[in-house]
Undergrad: 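Sharing a structure with you now.
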Protein chains: 2
Amino acid sequence: MASKIKPIKSVSLVEQVEQRILEFLKENRFKSGDSLPKEIELAENLGVSRNIVRESLSRLRMLGVVESKKRKGMIIAEPDILSGIERIMDPDLLGEEAMQHIFELRLVLEVGMSELLFIRKKDSDINNLQEIVEREANDPLCKTDLKTRLAYEIEFHSYLYKMSGNGTLNRFQSMLLPVFHYMMQQESKAAAKPVRGTISHKDLVETLRVGTAYEFRENMRNHLTPHFNKLS
Amino acid sequence: MASKIKPIKSVSLVEQVEQRILEFLKENRFKSGDSLPKEIELAENLGVSRNIVRESLSRLRMLGVVESKKRKGMIIAEPDILSGIERIMDPDLLGEEAMQHIFELRLVLEVGMSELLFIRKKDSDINNLQEIVEREANDPLCKTDLKTRLAYEIEFHSYLYKMSGNGTLNRFQSMLLPVFHYMMQQESKAAAKPVRGTISHKDLVETLRVGTAYEFRENMRNHLTPHFNKLS
DNA sequence: TAATTTTATATGTAGGACATGTTTTAAATA
DNA sequence: TATTTAAAACATGTCCTACATATAAAATTA
């Protein structure tokens, strides 16, 4: 066990101010649309320069907590929990461990998503999925070209996220794509055996149409078997 | 249908610079530990003031993409995909829709997580879970006090995330807690009938011990039934 | 009254100055 | 010479002032 020396509170001024402003907003139950004190007032009240306040606000602006208009000042907005992630979800920036975690997350989401799909599926959704599957089946490239197959794979699974009716989930999936791409490439390089589960996209659509959430969940688990087998 | 006038690219300088720096890092395959050009150089090369560069770097610093030391300059770090979310995951800041999405996300994760649990479970984990369950069963407060029951609920489910062996997932769950708390309070206020699934924590532990990932998944789905029933 | 112009103001951008704490270099001491 | 100590150099951190820009609000005009 490490005898960690001491963490000490050596957070930057900007970070402290950011926290103070966030606390201020929470404690005072600021609602979307309310207007914030202006930068100079914040700076004076906090006893720091306007620069520091601006850096803090810039961070909050990035997270979608506040929005600012030229003369009107700054107003509260509903933060976007994904905006921060969006910028850095890139294989060139993330570490191996993070990538692995995210890849696993995708598997977890798709298996766990079943219930939402059955609650919110519409006939048009099934038809659209059917159309994707047929296009995939009739595409001769699909047998030979890995890139083509990957494209259908993505199109199909992306549609499922959209069907979930959960916008956050849906956006999250679109961010996952680069990581997904990267991991698939690694896989195809390493093993050179693009094993596929015994359950196809076609089967999944059929289950969505006439099956149950429970069946779909297990079929999806089966469909993803090659990926699960890679875990340890 | 809206005839949206024009979005136009009216992004702030800070945002542009942030993007440019991120692109710069990606394109040049910067690795963790590499050092960035100094602020003044960035400012000169980009043709903006040092203030702008600093605001951009402040954002990247928040996301964990870079770290800075007094004289050494700034170095690349492995970004933390959750650091942005962490600050704003608060019922007082999030909107109703986001809260709903997050709550659903929790359900999806816990059902989908089963496979990871069975891949990574250890005997000590089972024993620890068993201990939690027994403590819960022997606590007389559990029958009457909703707060106590909620505490056990959280302790149990939190441990599952820890067991998943996925640090990202685990941290994410700890952030979810405030939202979870909030939603549970809303539920108990509205219906006043804390319905519980037919599968108890004890059952789940037993399934973890002697069952399969498939059984656990369905049992967890059952355990969460009251929450799923609230969805539409 | 309605349309137009002007004004006031809060944010956006720029650039200079100094503080702070490291790292390197140089000086001083043994 | 080797080691310790002090000085200088330097990048980030903080503060300040000034001005640009856009727009809500006020004043003016038709």
Side-chain angles (χ1 to χ4, degrees), chain A residues 5-22 24-25 28 30 32-77 79 83, chain B residues 5-22 24-25 28 30 32-77 79 83:
Chain A
I5 308 296
K6 35 181 172 181
I8 282 195
K9 296 199 63 173
S10 175
V11 284
S12 73
L13 248 183
V14 173
E15 220 159 321
Q16 291 178 51
V17 169
E18 183 199 332
Q19 288 304 323
R20 290 286 293 274
I21 294 178
L22 269 178
F24 177 71
L25 297 182
N28 294 67
F30 271 77
S32 189
D34 294 355
S35 60
L36 256 71
K38 38 196 173 183
E39 293 174 349
I40 295 187
E41 286 177 9
L42 284 173
E44 282 173 357
N45 291 339
L46 289 167
V48 297
S49 79
R50 193 180 154 220
N51 260 348
I52 303 297
V53 171
R54 275 192 63 79
E55 270 192 46
S56 305
L57 289 174
S58 180
R59 292 175 166 201
L60 297 183
R61 206 154 38 228
M62 177 179 68
L63 297 174
V65 177
V66 304
E67 287 174 1
S68 51
K69 289 276 187 287
K70 266 295 169 62
R71 135 113 196 198
K72 197 177 182 184
M74 310 197 69
I75 61 171
I76 306 296
S83 69
Chain B
I5 309 295
K6 36 180 172 180
I8 281 198
K9 294 197 63 172
S10 174
V11 284
S12 72
L13 249 183
V14 173
E15 221 158 321
Q16 292 179 51
V17 169
E18 182 199 332
Q19 288 303 323
R20 291 286 293 274
I21 294 179
L22 269 180
F24 177 72
L25 297 183
N28 296 67
F30 269 78
S32 189
D34 294 354
S35 61
L36 254 72
K38 38 195 174 187
E39 292 174 350
I40 294 189
E41 287 176 8
L42 285 172
E44 283 173 356
N45 291 338
L46 290 166
V48 298
S49 78
R50 191 177 155 226
N51 264 342
I52 302 297
V53 171
R54 275 193 62 79
E55 267 191 49
S56 305
L57 289 174
S58 180
R59 292 177 165 199
L60 297 183
R61 208 153 36 229
M62 177 180 70
L63 297 175
V65 177
V66 305
E67 288 174 0
S68 52
K69 289 277 188 285
K70 267 292 167 66
R71 138 112 199 198
K72 199 176 182 184
M74 310 195 69
I75 61 171
I76 307 295
S83 70

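Quick note on labels: first sequence line is chain A, next is B, and so on, each numbered from 1.
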Undergrad: Which nucleotide wins on minimum distance to the side chain of B:Arg61, given the candidates C:dT9, D:dG13, D:dA18?
TA: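 The listed nucleotide nearest to B:Arg61's side chain is D:dG13.
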Undergrad: Could you check which of C:dT13, D:dC15, D:dT23 has an atom nearest any side-chain atom of A:Ser49?
TA: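 The listed nucleotide nearest to A:Ser49's side chain is D:dC15.
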Undergrad: Categorize A:Leu13 for me: base, sugar-phosphate, or nothing, with a 4.0 angstrom heavy-atom threshold over every strand shown.
TA: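 Sugar-phosphate contact only.
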Undergrad: Can you find an N or O donor on one side and an acceptor on the other, under 3.5 Å apart, linking the side chain of B:Asn51 with the base of C:dG12?
TA: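 By the distance-only test, no, there is no pair.
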Undergrad: Please report the distance, rounded to the nearest Å, between NZ in B:Lys69 and C1' in D:dG13.
TA: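 Result: 14 Å.
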Undergrad: Is it the case that the base of C:dA14 and the side chain of B:Arg50 share a donor-acceptor contact (distance under 3.5 Å, atom types as modelled)?
TA: no
Undergrad: Give the nucleotide from the list D:dA22, C:dT13, D:dG13 with an atom nearest to the side chain of B:Arg54.
TA: D:dG13
Undergrad: Looking at D:dA11, D:dC16, D:dG13, which one has an atom nearest to any side-chain atom of B:Lys38?
TA: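 Closest nucleotide to the B:Lys38 side chain: D:dA11.
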Undergrad: Hey, are the side chains of B:Val14 and B:Arg59 touching, using non-hydrogen atoms and a 4.5 Å cut-off?
TA: yes
Undergrad: Do the side chains of A:Leu36 and A:Leu25 get nearer than 4.5 Å, heavy atoms only?
TA: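 They are in side-chain contact.
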Undergrad: Any side-chain heavy atom of A:Asp34 sitting closer than 4.5 Å to one from A:Asn28?
TA: no
Undergrad: Using heavy atoms to find the nearest nucleotide of DNA chain D for B:Ile40 and A:Lys72 separately, return the residue whose nucleotide is more 5′.
TA: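 First, find each residue's nearest nucleotide; the 5'-ward one identifies B:Ile40.
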Undergrad: What is the distance from atom CG of A:Leu46 to atom CD1 of A:Ile52, rounded to the nearest 0.5 Å?
TA: 10.5 Å
Undergrad: In whole Å, I'd like the distance from the CG atom of A:Leu60 to the C1' atom of C:dT11.
TA: 15 Å
Undergrad: Go through D:dA25, D:dG13, C:dT23 for me and flag the one nearest to the B:Arg71 side chain.
TA: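 Of the candidates, C:dT23 comes closest.
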